[in-house]
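Lettering of chains follows the sequences in order, A, B, ..., and the numbering in each one begins at 1.
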Protein chains: 2
Amino acid sequence: MESRIERLCVEKGLKMTGQRRTIARVLSEATDHPDVEELYRRATTLDARISIATVYRTVRLLEEKGILERRDFGGGRARYEPTEHGRHDHLIDIDTGRVVEFTDDAHVAALEAIARELGFELVSHRLELFGRRRRAAGERRPGAEARRAAPRAATRGTPR
Amino acid sequence: MESRIERLCVEKGLKMTGQRRTIARVLSEATDHPDVEELYRRATTLDARISIATVYRTVRLLEEKGILERRDFGGGRARYEPTEHGRHDHLIDIDTGRVVEFTDDAHVAALEAIARELGFELVSHRLELFGRRRRAAGERRPGAEARRAAPRAATRGTPR
DNA sequence: GTATTTGCAAACTTTTTGCTATTGG
DNA sequence: CCAATAGCAAAAAGTTTGCAAATAC
């Protein structure tokens with residue numbers, strides 16, 4: 001079956017190689033925000049003859065075509081997600097790194113107003129909230145070290 | 001004269017070497033958001049025996065001490081600015097790359113509400129607006145190519 | 001059939017690090 | 001004096017690219 005992303009690729013007139021089909025499928029099935037290495041891992045599970053260079057070239061191409069969007073949640077790696085119709089922003093759990101999506105309908109208007117006040121027309125925006133899970137009374141949260149480390153998501157040279 | 005950043009360093013008990021003093025001064029005098037290479041350039045103008053490794057180590061240290069804040073405006077390089085008392089966000093002119101600062105007092109409350117609704121306590125946030133200068137009627141704006149290229153600020157491998 | 005795409009490995013950019021020499025307090 | 005820091009050059013990590021072989025249309 002043809003994946004959603006594959007359909008979009010065809011619509012854009014892209015030549016559909018086996019590799020692209022596989023990557024498109026991985027992207028269509030993803031509900032998170034994988035980085036290139038993760039995409040590569042998932043893709044090679046389905047088809048071993050895909051190189052990481054192809055994954056890089058493909059995400060770049062799909063981004064240029066407006067099919068994918070590149071995100072940066074800190075940590076030095078670009079992460080990707082399919083372009084959605086409904087625009088949304090992200091909240092990152094600083095203890096676990098988990099990403100929660102939310103929409104900010106009412107918000108965008110406020111942002112537009114801010115931009116206009118500064119003499120600009122708002123083209124796009126990036127809003128990321130960093131938060132900590134609120135626990136019920138008495139509930140304990142993860143170790144203190146994690147709490148110290150998390151706020152600055154992994155500095156570049158993090159060993160795997 | 002002791003620069004503002006240098007004073008903060010001393011307060012934090014940091015050993016003030018000549019190099020750090022120079023970098024602190026450069027940071028204190030900056031009104032923009034320089035990346036490491038730019039800091040290095042400015043610092044070596046004042047004192048030639050500063051290595052780029054020291055600049056990297058210093059910004060990292062100052063960031064850990066809460067004296068500096070790391071920003072990412074796209075383009076693959078981290079940019080730095082002294083921690084301000086008044087919190088502010090950024091609007092990036094997608095035609096010129098110029099960064100405009102603004103405060104969003106009323107906004108933060110709204111963000112906190114969003115986080116709370118999702119079950120989180122807001123720790124920090126990142127808000128960047130990307131906009132285009134609004135011109136008076138009849139005024140022309142920069143070439144169309146620039147407009148196409150700008151939204152994705154320079155991909156990694158940009159030649160100097 | 002031919003223009004595109006792939007794999008591979010090498011190059012490149014940004015950032016970190018090991019080691020020795022230097023220096024601030 | 002001695003722990004902390006600097007310089008240098010090499011290593012990492014992420015990403016891009018040149019080129020020959022493979023492939024979609």
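For B/Q19 and D/dG7, the shortest distance from a side-chain N or O to OP1 or OP2 is below 4.0 Å. Taking only side-chain nitrogens and oxygens, B/Y56 comes nearer than 4.0 Å to OP1 or OP2 of C/dT15. Between D/dT15 and A/R60, no contact under 4.0 Å exists linking OP1 or OP2 to a side-chain N or O. Taking 4.0 angstrom as the limit, A/T17 places none of its side-chain polar atoms (N or O) nearer than this to OP1 or OP2 of D/dA24. Under 4.0 angstrom from either OP1 or OP2 of C/dG7 there lies no side-chain N or O belonging to A/R49.
Side-chain proximity of B/A78 to C/dT15, C/dG7, D/dC8: nearest is C/dT15. Here the nucleotide nearest the side chain of A/M16, chosen from C/dT5, D/dC25, C/dT15, is D/dC25.
Contact check for B/R60 versus B/E64: side-chain heavy atoms found under the 4.5 Å cut-off.
For the atom pair CG of B/L62 and CG of B/L27, the computed distance is 6.5 Å after rounding to the nearest 0.5 Å. The structure places CZ of B/R79 at 9.0 Å from NE2 of B/H90, a figure rounded to the nearest 0.5 Å.
At whole-Å resolution of the value, CG in A/L14 and P in C/dT6 are 10 Å apart. Across the protein-nucleic acid pair, A/E37 atom CD and D/dT15 atom P stand 9 Å apart, rounded to whole Å. Per the geometry, CD1 belonging to A/I23 stands 12 Å off C1' belonging to C/dG7, to the nearest Å. Counting to the nearest Å, the P atom of C/dT6 and the CZ atom of A/R21 are 11 Å from each other. Rounded to an integer number of Å, the gap from CD of B/E64 to P of D/dA4 is 15 Å. The nearest whole Å value for the distance from the CZ atom in A/R77 to the P atom in C/dT14 is 19 Å. Rounded to an integer number of Å, the gap from A/D35 CG to D/dT15 C1' is 12 Å. In this structure, the CZ atom of A/R70 is 10 Å from the C1' atom of D/dT15, given to the nearest Å.
Annotation: of the two residues near DNA chain C, B/I52 and A/V55, the 5′-most nearest-nucleotide partner is A/V55. Between A/K15 and A/I50, the residue anchored closer to the 5' end of DNA chain C is A/K15, taking for each the nucleotide with the nearest heavy atom.
In the hydrophobic clustering of this structure, B/L111 groups with B/L118; members are Ile, Leu, Val, Met, Phe, Trp, Tyr whose side-chain heavy atoms approach within less than 4.5 Å, directly or through other members. Residues B/I92 and A/F120 fall into different hydrophobic clusters, defined by Ile, Leu, Val, Met, Phe, Trp and Tyr side chains chained together at heavy-atom separations under 4.5 Å.
For a distance-only test at 3.5 Å, the side chain of B/R57 qualifies as a donor-acceptor partner of the base of D/dG7.
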